[in-house]
Visitor: 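Could you have a look at this structure, given as structure tokens, before my questions?
Note that the structure is a prediction, hence the values are computed from the model and not measured. Per chain, numbering begins at 1; letters A, B, ... match sequence-line order.
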Amino acid sequence: MKKTFYITTPIYYPSGRLHIGSAYTTCLCDTLRRYKEMRGYDTRFLTGMDEHGLKIVEAARKNGKTPKDHVDHIAQLTKDLWRLLSIGNDDFIRTTQPRHESVIQEIFEQLLRQDDIYLGEYSGNYCVQCEAYFTPTQLSGSDLCPDCGRPTEIIKEETYFFRLGKYQDRLLKFIEANPDFIVPETRKNEVVQFVKSGLNDLSVSRTAFDWGVKVKSDPRHVIYVWIDALSNYISALGYGSADDALYQKYWLKGDEIIHVIGKDILRFHAVYWPIILMAAGIPVNFRLFVHGWYLMKDGKMSKSKGNVIYPDQLVANYGLDSFRYYIVKDLPYGNDGLFTPEDYVSRINTELVNDYGNLLSRAITMVNKYFGGTVKATKHNHALLAYEAELEQTAAEVVASYMEAMDEFKVAAALAAVSSLIGRTNKLIDETLPWELAKPTGDKDALQSVLYHLLEAIRIATILYVPVLIETPAKVFAMLGVGKNASELAGAAFGFQREFRVTDKPIHIFPRLDGETEIKNIKAMMSGESKPEAQAKPAKPLVNIDVFNQIEIKVGLIKAAAVHKNAKKLLVLGIDTGERLRQVVSGIAEFYRPEVLVGKKVLVITNLEPVKLRGEISEGMILCGESPEGILTVIEADPAMNAGDEVR
RNA sequence: CGCGGGGUGGAGCAGCCUGGUAGCUCGUUGGGCUCAUAACCCAAAGGUCGGAAGUUCAAAUCUUCCCCCCGCAACCA
């Protein structure tokens, strides 16, 4: 019986085009899966989409689509991307699929029957206009809606609550008893801290929107994201359905189950998910591997900063294997890493082009030149034997440390081990000087043995690359004349292949990238010169002149300006609008120092309802121009105008 | 004191839990080699490990305080 291995990505939320972060998670899973496959496991790999919720409805409306059409579209784009990246997922779960919906309805009903879920009331300040609740901190003391300024009402809404607290101790004990449940350890500590601070009951249903799975016994409610999204990991296996063979095999009786997640969704997976399983009477036998994020040089990715990069662009320009290699190699285990064009180009050039690809081509050339394309394991007594022995030993150590690292999900470390083998192999050429051995005074047996060692090392390194590189290994094995058995992990030891008959025309596996050109090229992609969807804001509807006339705009003279003591983005302005001095709070602190504003004549909307912003009253609004990047510029009135002049 | 992450040679990172020669990749400089895609190999330079105090025979590592950066949250009437 093969051991089983079940690995999952999170299900992605279709809010936009998938960027390098989701590609990282997915490639990482794919690599681990291929590795386990190579180790002889019976594997299963799941990814998918989380397609419910209010944001989907809104995004769909913006694009003039139904939610269903919207998610169908994004799901297709996502599948296309995974195909492009050669992701070998066995299944693609979508939370809108009937097979999923029926399962979570059942789980919900079960928890309800057990009284783990109860119908309760949520009460809070609600703004009817904005259809949203606001917390006391958001309201900052007043009862006015922070979004529209209208008064909020205290509203009670029905919602189902899940008694998380009931399982708190059980969860803590579980985490303690299973030290590997969450890796790396720092993440585990974070979770333990959180759980110890006490778990509140969790609201698990909504009535405010209906794009979700209805609660079976109470269809006014839809099941909120927690139970809906997290349960995908078992609904995709057919849990609770007529055919639950996969669930039986991979989950219930499975050997290893890994959820790979980013650190942003740790809490849901480390707290809510195990508790849901405990309550449902399903064994918690998964583990979490929590990875870091790709960050950009100047912070978070955003189009205006010119630092967004999409995987498909990199694959189209530099090839699939380069991309997969870079993305799983660059992030240190569990921590954040930086994506830079310089790094991308240099990593590919040094590790794949120079060290690996070039080693292959120099070795093949020599085999052809000195032995007509065929070399075999050869005995000799030359002093160089010691170097060969050292290489053999390095290879054995590398295979061992590679597997050890892979078993702990340390893909970058595993690949670093392979790099060290390749480095050691390049070194052998310098140590043995094959061109000297090839001279009449040289030693032909030693020469053959050296070349044989080069090829064996390349063969072993290539086997270790199989989980990551898709196209390259087959090419390399073909060029070396390596058959199936010798290209499998079991054959990754010196001496397994006794003889090589290599191709007479080596091709370069990885073309060299011209550093400066390609760095520029990638930067151009990042600044979105390839025309990103410009997100044209929908034009506002036509209004009657009367509507406009309701708004009172006056010229105001800024007499005083100060930073808001309790907010980073706000300035508190004292503005003379003719009839009186009024206080206006404005969100331009990032763009103007207070002192430069004093003395400016600006346009002020004077009949807005007053609002408190972070504790300061604001009686009006100054008009600003906003660039696509969100940079605000105050619109100044002609100096000839006077404070209080009406604008129309 | 809102939550979290981080500050280690020019760049990006490891080491910190379990104190005891500060390591890796890239870059720089010098040298070697010619089988190979200006690739490969060797060597060197370069760090008071953000700051201060404390614990200790010994601190990048433990404790306390401070400074700075970056996410998230809040804020743009």
Visitor: Could you give the distance separating B/A22 and B/G47 at their P atoms, to the nearest angstrom?
Guide: 13 Å
Visitor: Under 3.5 Å, is there a donor-acceptor pair between the side chain of A/His380 and the main chain of A/His382?
Guide: yes
Visitor: Determine the interatomic distance between P on B/C65 and the same-named atom on B/A73; round to the nearest Å.
Guide: 28 Å
Visitor: Should A/Trp435 be counted as stacked on B/U34, where stacking needs a ring-centre gap under 5.5 Å and an angle between planes under 30 degrees?
Guide: no
Visitor: Scan A/Ile429 against the nucleic acid and name what it touches under 4.0 Å (heavy atoms): base, sugar-phosphate only, or nothing.
Guide: base
Visitor: Between B/C76, B/C35, B/U37, spot the one nearest the side chain of A/Tyr370, thanks.
Guide: B/C35
Visitor: Starting at atom CG of A/Leu391, determine the distance to atom C1' of B/C41, rounded to an integer number of angstrom.
Guide: 15 Å
Visitor: With rounding to the closest Å, how many angstrom separate the C1' atoms on B/U61 and B/U55?
Guide: 13 Å
Visitor: Taking NZ, NE, NH1 and NH2 as the nitrogens, is one of them in A/Glu646 or A/Lys554 under 4.0 Å from a carboxylate oxygen of the other?
Guide: no
Visitor: Check for me whether A/Lys427 meets the cation-pi criterion with A/Tyr387, that is, NZ or CZ under 6.0 Å from the six-membered ring centre and within 45 degrees of the ring axis.
Guide: no
Visitor: Which is true for A/Asn354 with a 4.0 Å heavy-atom rule: it touches a base, it touches only sugar-phosphate, or it touches nothing?
Guide: sugar-phosphate
Visitor: For B/G2, give the paired nucleotide (Watson-Crick: N1-N3 plus N6-O4 or O6-N4; G-U: N1-O2 and O6-N3; both under 3.5 Å), or none.
Guide: B/C72
Visitor: If pairing requires Watson-Crick or G-U wobble contacts with both distances under 3.5 Å, which nucleotide is the partner of B/U63?
Guide: B/A53
Visitor: Does any nucleotide pair with B/A43 by Watson-Crick or G-U wobble geometry, both distances under 3.5 Å, and what is it?
Guide: B/U29
Visitor: For nucleotides 22-28 of chain B, read 5' to 3', which letter fits each nucleotide if B means a protein heavy atom sits under 4.0 Å from the base, S means only the sugar-phosphate is that close, and - means neither?
Guide: -------
Visitor: Starting the side chain at C-beta, find the nucleotide from B/C42, B/A36, B/A39 nearest to A/Lys427.
Guide: B/C42
Visitor: Applying side-chain hydrogen bond (donor to acceptor under 3.5 Å, both in side chains) to A/Asn426 and A/Arg362, what does each step give before you reach the verdict?
Guide: CA-CA 10 Å; A/Asn426 270 314; A/Arg362 61 199 301 212; 2.9 Å; yes
Visitor: Before we go on, tell me: are the rings of A/Tyr318 and A/Tyr326 under 6.0 Å apart, centre to centre?
Guide: no
Visitor: Look through every strand shown and name the nucleotide pairing with B/C24 as Watson-Crick or G-U wobble, where both distances are under 3.5 Å.
Guide: B/G12
Visitor: So, are A/Arg424 and A/Glu431 salt-bridged, with charged N and O less than 4.0 Å apart?
Guide: yes
Visitor: So does A/Lys410 pair up with A/Glu404, basic N to acidic O under 4.0 Å?
Guide: no
Visitor: Determine the interatomic distance between P on B/G2 and the same-named atom on B/U21; round to the nearest Å.
Guide: 40 Å
